[in-house]
Amino acid sequence: MASPREDQLAQGVWPALRRRGVSRREFLKFCSVMAGALALPHTYADRIVQALEAATRPAVVWLEFQDCAGNTESALRASHPSITDMILDLLSWNYHETIMAPAGTAAEKSLQDTIAQQKGQYLAIVEGSIPLADGGVYCTIGGRTAIDIAQETCGNALATIAVGTCAAFGGIPAAAGGITGAVSIGQAVPGLKLINLSACPMNGANLAATIVHYLTFKELPATDNLGRPLFAHGDRIHDNCPRRAHYDAGQFVQEWGDQGHQLGWCLYKMGCKGPATNYNCPRVQWNDGTNWPIGVGHGCVGCAQPQFWDAMTPFYRQLPTVPGFGVEVTAQDVGIGVAAAVGALTVGHAVVAGVRNARTARATNQATAASGNATIAVPTNETQTTEGQS
Amino acid sequence: MATVVQEEPATAAQTQRRINLFVWELPVRVTHWVNVTSILILSITGYFIASPPVFATTTTFLGIPGTATFMLGTIRFTHFVTAFVFTISVLYRLAWAFVGNQYARWDQFLPVRRYRRQDMRRMLRYYTFFRREAPPQIGHNPLAGMAYVALYVLFAVQIFTGFALYALAFRTGFWPFAFGWVTHLFGAPGVRMVHDLVMYLIIAFTIHHVYSAILIDMEERSGLVSSIVTGTKALTPESVAQITSQEALARQPRARRKAARLPRGKAEADAGEVRPVDGQ
């Protein structure tokens, strides 16, 4: 007969992991990695181990609206010490359109059951933006609009996690030219207990760390003024970039494939948005920590920032062009043009003023000469004439 | 044969008696030159931050080994330090516009007085060659005053966007709190673009400013250019009397001012040289 403690443990995260064949060593490694990802002292790894052993798996519903399922892919492809397994087993997945077995009415029933039976106890994860234009008709699931589903599901959730820039800030559907009136989950359903895991896509390690933080401390991690967790978005890419020394020294890639590019110099002049982007890309990296964009010689596009599709473009240029001028006209061209125009006007004005002043002087002198005042000097050629006569 | 001394023709302005007037107080002159120096440093370092050349392919710069490891870092550090000096100077000058003498005050820049607005139109006609003489001034002419307002707007934009970009380097605290929203709203590249563009507008202003100072100095022979070093302008007694009477009239109650003013048609007709005199 199992003790109550053992019963409790049997429903926890660790037994679930063990049943899936995760070794104790892998589990401890995972907890250490999570402590690292959360920027906690290593001593907290112990606390995370204890918390995950005791924690019951929270139910989660994963909603997809105007998205590309890229964040789902990112979460599933993350496999640090098999983070995929960890994420899948940290949570009780009640609803996720991409990976769930049921379809149609049965799938929607899972969502409704969760909302009804675990009201205020489940986590809602939202992927993709929510269209508000024309009554929200641009995204409907099972005949219901995205905003309708989001209001019911997120409104009854313990907390909402927005994954990806679309859910966090509107992202690509909200970019200039979009007609669906796409907004973030925070804008669509105000007043939620919400955390924004932005980036396109967000890193699965950060999702795992956010959930681990919640299971360990029973609260969501501290956020910046955009609602993004500080452990993931507190630092600037530029400040943690391995190529930063090349920036400070003034060693830049000037064109793709040049010597500087081959030597791994700074991508600032190729339009890298690292100096304006807050994310833990350089530390956490992608594909089992294999590499990350700047590591493979491609500039950061600033995907973790709000409205990056409008604000961070053009991706391969340092600065956007000046509105109202041609697409090839830079701010420097316009600025030098304005300064040159003022310079030309000045020179023109000086010439006209000079001519006028010379005329005035001549007129004054002639008038003076006519009045017979000999003490005032006269212009050169007239002096010579006078001299010749004497 | 006697040598003939060849002189430049003396104009009436040169031969007239002059009164030396102390116009620019020390803070006005100091902030002016601090601004000049900082704008120069900020423009050069800013240009290198916006379009850095490859400073060195090795750690050797100008033949000295190990000096090229922090070139852009040094340039940025210089830019930041100078930016703070410039900001303090601009704020100090703004404050001085409320405590300084009458030629440093805010109403030298905003044409709230009617005679200042009239002078502004005369000045505009002078610049466009529709009028021979620039109306005499002790402090700033009203058109220049408005140009300085525009310049200070550019300064404000530059300081504001500069701090917004500076705030990118901070995680929490004052800078992201005060300026983080700017880059979040407009995007850092857009803010950079404005910061870059305004630099050229300030350079364009500088070209015009130096030229105008020389032009008016040649016109007035008042030592205008050297006045920003010495603080003193040399004006003819007639100019001073004319300005003083204008200012006295402007201080009169509105009704008396109206009575003293010439009818509009007449004022326009002789606006060329003679201005409405006071009614005292």
Side-chain angles (χ1 to χ4, degrees), chain A residues 224-226 230 234-236 238-239 245 247-252 254 259-260 268-269 273 275-276 278 302 305-308 310-313 318-322 331-332 334-336 338-339 341-343 345-346 349-350 352-353 356-357 360-362 364-365 376-380 383 386-387, chain B residues 1 4-12 48 50-57 59 68-76 127 129 132 165 168-169 171-172 176-177 180-181 183-190 192-194 196-201 203-205 207-208 210-212 214-215 218-219:
Chain A
D224 65 7
N225 55 4
L226 294 171
L230 281 171
D235 291 337
R236 195 160 61 132
H238 193 48
D239 295 332
Y247 172 85
D248 287 332
Q251 296 178 326
F252 301 99
Q254 308 268 44
Q259 199 202 3
Y268 173 64
K269 293 183 85 172
K273 303 298 185 289
N278 303 79
Q305 298 305 107
Q307 282 77 49
F308 83 101
D310 294 327
M312 294 297 181
T313 47
Q318 254 179 290
L319 297 180
T321 51
V322 185
Q332 218 158 55
V334 174
I336 290 172
V338 169
V342 171
L345 271 174
T346 302
H349 195 279
V352 175
R356 181 195 58 185
N357 289 357
T360 317
R362 200 179 304 138
T364 314
N365 273 309
I376 300 281
V378 285
T380 313
T383 310
T386 318
E387 208 177 322
Chain B
M1 191 174 124
V4 177
V5 179
Q6 294 179 8
E7 285 174 18
E8 284 291 313
T11 63
F48 281 128
S51 339
V54 172
F55 287 109
T57 50
T59 58
T69 53
F70 206 63
M71 281 298 287
L72 191 61
T74 311
I75 287 170
R76 290 175 70 240
Y127 272 123
F129 299 109
R132 182 60 192 86
L165 294 169
L168 289 172
R171 177 186 169 127
T172 51
F177 173 77
W181 62 272
T183 38
H184 291 149
L185 195 61
F186 302 106
R192 265 181 224 286
M193 186 262 281
V194 171
D196 193 25
L197 194 58
V198 171
M199 176 187 87
Y200 290 102
L201 299 185
I203 290 172
F205 167 84
I207 295 170
H208 153 78
V210 171
Y211 169 70
S212 298
I214 294 170
L215 180 75
M218 287 171 75
E219 202 72 66

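Chain identifiers are assigned alphabetically (A, B, ...) following the order of the sequence lines, protein sequences preceding nucleic acid strands; residue numbering begins at 1 within each chain. Quick caveat: nothing in here was measured; it's all calculated off a predicted structure.
- The candidate with the highest count of non-hydrogen atom pairs below 4.5 Å against chain B, out of Thr313(A), Asn278(A), Leu319(A), is Leu319(A).
- Within the 4.5 angstrom heavy-atom criterion, atoms from both the backbone and the side chain of Tyr247(A) approach chain B.
- Proximity to chain B is limited to the side chain of Leu226(A), based on heavy atoms less than 4.5 angstrom apart.
- Contact tally against chain B (heavy-atom pairs below 4.5 Å) for Arg356(A), Met312(A), His238(A), Gln305(A): the top residue is Arg356(A).
- Looking at Gln318(A), the atoms closer than 4.5 Å to chain B (heavy atoms on both sides) sit in the backbone and in the side chain alike.
- Residues Ala169(B) and Asp239(A) approach most closely at O-OD2, 3.9 Å, considering heavy atoms.
- Put simply, of Val352(A), Asp235(A), Thr360(A), Leu345(A), the one with the most heavy-atom pairs under 4.5 Å next to chain B is Val352(A).
- Rounding to the nearest 0.5 Å places CD1 of Ile336(A) at 7.5 Å from CE of Met199(B).
- The most heavy-atom pairs under 4.5 Å with chain B, out of Gly343(A), Ala339(A), Pro320(A), come from Pro320(A).
- Interface residue Gln254(A): only side-chain heavy atoms are found under 4.5 Å from chain B.
- The backbone N or O of Ala350(A) lies less than 3.5 Å from a partner atom in the side chain of Tyr211(B), making a donor-acceptor pair.
- Counting only distance, with no hydrogens or angles, the side chain of Gln307(A) and the backbone of Gly187(B) share no donor-acceptor pair below 3.5 Å.
- At a 4.5 Å heavy-atom cutoff, the contact between Thr321(A) and chain B is made by backbone atoms alone.
- Contacts with chain A were tallied for Pro176(B), Gly73(B), Ala188(B); Gly73(B) has the most, counting heavy-atom pairs under 4.5 Å.
- Of the atoms belonging to Asn225(A), it is side-chain heavy atoms, and not backbone ones, that fall under 4.5 Å from chain B.
- Ranked by heavy-atom pairs under 4.5 Å with chain B, the list Gly260(A), Ala353(A), Ala341(A), Gly302(A) is led by Ala353(A).
- By the 4.5 Å heavy-atom criterion applied to side chains, Leu72(B) and Asp248(A) are not counted as neighbours.
- The candidate from Pro306(A), Ala276(A), Gly335(A) with the greatest count of non-hydrogen atom pairs under 4.5 Å with chain B is Gly335(A).
- The side-chain heavy atoms of His349(A) and Ser212(B), taken from C-beta on, include no pair separated by under 4.5 Å.
- Lys269(A) places a side-chain N or O within donor-acceptor distance of the main-chain N or O of Pro52(B), the cut-off being under 3.5 Å.
- Using a 4.5 Å cut-off between heavy atoms, Tyr127(B) touches chain A through backbone and side chain atoms alike.
- To the nearest 0.5 angstrom, Ser51(B) atom OG is 10.5 Å from Phe252(A) atom CZ.
- Looking at Leu215(B), the atoms closer than 4.5 Å to chain A (heavy atoms on both sides) all sit in the side chain, from C-beta outward.
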